[in-house]
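Proteins get letters first, then strands, A, B, ... in listed order; numbering begins at 1 in each.
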There are 2 protein chains.
Amino acid sequence: MVKAFSMSEVSTQERIKAAAAKVFTMKGLEGARMQDIADEANINKAMLHYYFKNKQQLFQVIFEEKATKVFSALDLFVHGELSFHQRISKFVESQISIFSEFPTLPLFVLMEVRKNPALLEATFRNIPLQIKRSEFQSLVENEISVGNIRKVDPQELLLNIIALCVYPIIAEPIFRFLSDMDEIEYRSFINRRKDTITALITNDLFIKK
Amino acid sequence: MVKAFSMSEVSTQERIKAAAAKVFTMKGLEGARMQDIADEANINKAMLHYYFKNKQQLFQVIFEEKATKVFSALDLFVHGELSFHQRISKFVESQISIFSEFPTLPLFVLMEVRKNPALLEATFRNIPLQIKRSEFQSLVENEISVGNIRKVDPQELLLNIIALCVYPIIAEPIFRFLSDMDEIEYRSFINRRKDTITALITNDLFIKK
DNA sequence: GTCTATAGGCGGATAGAC
DNA sequence: GTCTATCCGCCTATAGAC
């Protein structure tokens with residue numbers, strides 16, 4: 001039966017991808033062992049090479065998937081019928097939600113890109129991110145021109161929001177070590193920040209009437 | 001002559017350390033090749049093992065040195081006779097200056113700690129960072145109690161400041177790719193942020209009188 | 001202290017049976 | 001599709017001459 005055949009194939013392939021994502025994002029390309037990935041997927045090393053040509057190709061698949069996920073949240077800014085204030089709030093919430101679920105993601109993408117900048121071109125061949133960025137830019141400029149928010153550099157605004165959302169996730173190990181929070185406490189600390197980040201940004205931005 | 005002997009010894013050792021720092025912070029522990037470090041230091045691989053027992057020990061030396069540097073800027077907050085506003089401003093400036101000079105530092109420390117949390121205990125055995133943190137905490141609480149600044153979580157305040165300073169450095173490759181800035185432009189962009197970060201934080205913090 | 005040459009092992013990749 | 005066994009190259013580490 002074709003269906004049963006292809007279902008089982010997808011399932012193993014997906015288990016490998018999940019395992020590879022876990023190991024690669026945690027250890028990086030060179031730190032990851034094919035054996036670790038095989039163990040995590042409950043198969044043996046040979047199977048990895050049945051589904052993926054080699055380590056490099058498996059890595060590429062995972063990287064592109066995860067990098068896409070990291071940047072896709074930008075959509076929230078440029079789509080929908082929300083007010084600018086609501087966009088910021090939604091964006092902050094989505095950034096923190098996504099990365100709380102998969103905390104190794106941002107550091108992984110950031111580190112691999114620094115080691116090998118060529119990954120950027122390869123990955124964003126398909127994703128028209130430049131377009132999203134300029135849409136964001138005109139959105140901000142429009143808010144400025146109608147007097148909703150003060151004059152501000154759109155690039156810097158976006159960077160500030162992302163920094164405030166993402167940094168606490170990537171610095172979790174160090175910050176928890178210093179503050180003696182356990183994982184539960186830290187999750188709740190991060191979650192409370194959804195409001196304080198939005199407040200910090202909007203208080204600085206919106207012109208009081 | 002003892003002096004000439006020890007001078008040359010230090011000099012080679014220091015060249016190795018500089019080379020190792022460059023390669024390790026760029027590629028990470030597993031991504032770094034002893035050959036790359038030797039090339040960078042203009043010696044051969046065997047010499048590395050003359051001065052350092054093995055790769056792991058060389059890494060440990062570099063990591064501890066760089067991690068110490070990353071955290072030492074906290075001193076600025078708890079020492080000196082500055083006002084709270086000045087402390088923030090000085091701290092922002094020092095963070096950005098330090099990391100602009102050596103942009104691979106923060107991502108390196110963050111990533112290696114995530115891969116191997118045990119590095120934290122080993123590194124901060126000698127550095128009484130907990131003390132600095134609680135000094136920072138009482139500094140903030142004092143400002144609150146005298147009515148200088150609004151009620152705020154000291155942990156979150158510190159995290160916000162560091163996030164705004166450090167994230168632009170670690171996200172440089174991606175952000176420059178998206179914004180089409182060259183290195184000069186990005187340096188200047190980062191430098192302008194010294195003022196805007198301080199303004200963002202203090203406007204949110206200080207109570208207008 | 002510095003070099004060349006080489007040992008030794010780890011880990012990615014493949015052959016081949018089932 | 002899945003497994004075991006094995007190959008082979010790369011990279012750390014060392015031996016040993018100078």
Side-chain angles (χ1 to χ4, degrees), chain A residues 1-64 108 111-112 115-116 119, chain B residues 1-64 108 111-112 115-116 119:
Chain A
M1 274 171 70
V2 175
K3 192 173 181 187
F5 174 79
S6 71
M7 273 180 71
S8 106
E9 193 173 350
V10 168
S11 159
T12 303
Q13 181 140 353
E14 288 306 316
R15 271 194 5 262
I16 291 175
K17 282 173 67 174
K22 189 168 174 183
V23 176
F24 276 133
T25 59
M26 189 67 193
K27 304 288 189 75
L29 170 56
E30 298 89 351
R33 298 288 88 112
M34 292 297 267
Q35 186 63 60
D36 298 340
I37 297 172
D39 291 348
E40 185 73 32
N42 281 311
I43 54 171
N44 60 53
K45 278 193 295 175
M47 283 307 292
L48 297 177
H49 290 90
Y50 178 79
Y51 284 97
F52 297 90
K53 186 158 57 85
N54 52 31
K55 187 185 182 182
Q56 190 60 45
Q57 193 227 340
L58 177 54
F59 170 80
Q60 191 82 21
V61 169
I62 300 301
F63 178 84
E64 293 190 17
F108 166 68
M111 189 70 193
E112 297 302 330
K115 285 191 293 194
N116 178 17
L119 285 172
Chain B
M1 274 174 69
V2 175
K3 192 173 178 188
F5 176 78
S6 71
M7 272 179 70
S8 106
E9 193 172 350
V10 167
S11 159
T12 303
Q13 182 141 352
E14 287 306 317
R15 269 190 11 257
I16 292 174
K17 282 173 68 175
K22 188 167 174 184
V23 176
F24 275 134
T25 58
M26 188 68 194
K27 303 286 190 75
L29 170 57
E30 299 89 352
R33 297 289 89 113
M34 292 297 265
Q35 186 64 62
D36 298 339
I37 297 174
D39 291 348
E40 185 74 33
N42 281 310
I43 53 170
N44 61 54
K45 279 192 294 175
M47 283 307 294
L48 297 177
H49 291 90
Y50 177 79
Y51 284 96
F52 298 91
K53 186 156 60 83
N54 54 31
K55 186 184 183 182
Q56 189 61 47
Q57 194 227 338
L58 177 55
F59 171 80
Q60 190 82 21
V61 168
I62 300 302
F63 178 85
E64 293 190 17
F108 166 68
M111 189 69 192
E112 296 302 328
K115 286 192 292 194
N116 178 17
L119 286 172

Using atom NZ of K27(A) as one end and atom P of dG11(C) as the other, report the distance to the nearest whole Å. 11 Å
N44(B) CG to dT6(C) C1': how many Å, rounded? 14 Å
Within the pair T12(B) and dT2(C), is there a side-chain N or O less than 4.0 Å away from OP1 or OP2? yes
Separation of Q13(B) atom CD from dT2(C) atom C1', in whole Å? 15 Å
With a non-hydrogen cut-off below 4.0 angstrom, is A38(A) in contact with a base, only sugar-phosphate, or nothing? nothing
Nearest to the side chain of K55(A), which nucleotide is it out of dG1(D), dA13(C), dA13(D)? dA13(C)
Using whole Å, report how far CG of D39(A) lies from P of dG12(C). 12 Å
Looking at dA15(D), dT14(C), dG12(C), which one has an atom nearest to any side-chain atom of A46(B)? dA15(D)
Separation of dT14(D) P from F52(B) CZ (nearest whole Å): 15 Å
The nucleotide from dG12(C), dA15(D), dG1(D) with an atom nearest the side chain of Y51(A) is dG1(D)
So, is R33(A) close to the dC10(C) phosphate, meaning a side-chain N or O under 4.0 Å from OP1 or OP2? no
How close or far is atom C1' of dT12(D) from atom CZ of F24(B), stated in whole angstroms? 12 Å
Presence of salt bridge, K27(B) and E30(A), under 4.0 angstrom: no
With a 4.0 Å cutoff (strictly under), does any side-chain N or O of N54(A) reach OP1 or OP2 of dG12(C)? no
For K22(A) and E40(A), which heavy atoms make the closest approach, and how far apart are they? NZ-OE2, 3.0 Å
Is it true that Q35(A) and D39(A) share a donor-acceptor pair across their side chains at a distance under 3.5 Å? yes
In terms of side-chain heavy atoms of H49(B), which of dT14(C), dT2(C), dT12(D) is nearest? dT12(D)
Side-chain-base donor-acceptor pair under 3.5 Å for K45(A) and dG11(C): no
Determine the contact category for M34(A): base if any of its heavy atoms lies under 4.0 Å from a base atom, sugar-phosphate if only primed atoms, P, OP1 or OP2 are that close, otherwise nothing. sugar-phosphate
Taking atom C1' of dC3(C) as reference, at what distance in whole Å does atom CG of L48(B) sit? 13 Å
For the aromatic rings, using the six-membered ring if either is Trp, is the centroid distance between F59(B) and F24(B) under 6.0 Å? yes
Whole-Å gap separating C1' (dC18(C)) and CE (M47(A)): 14 Å
Let me confirm one number: the CE-CE distance from M47(B) to M34(B), rounded to the nearest 0.5 Å. 12.0 Å
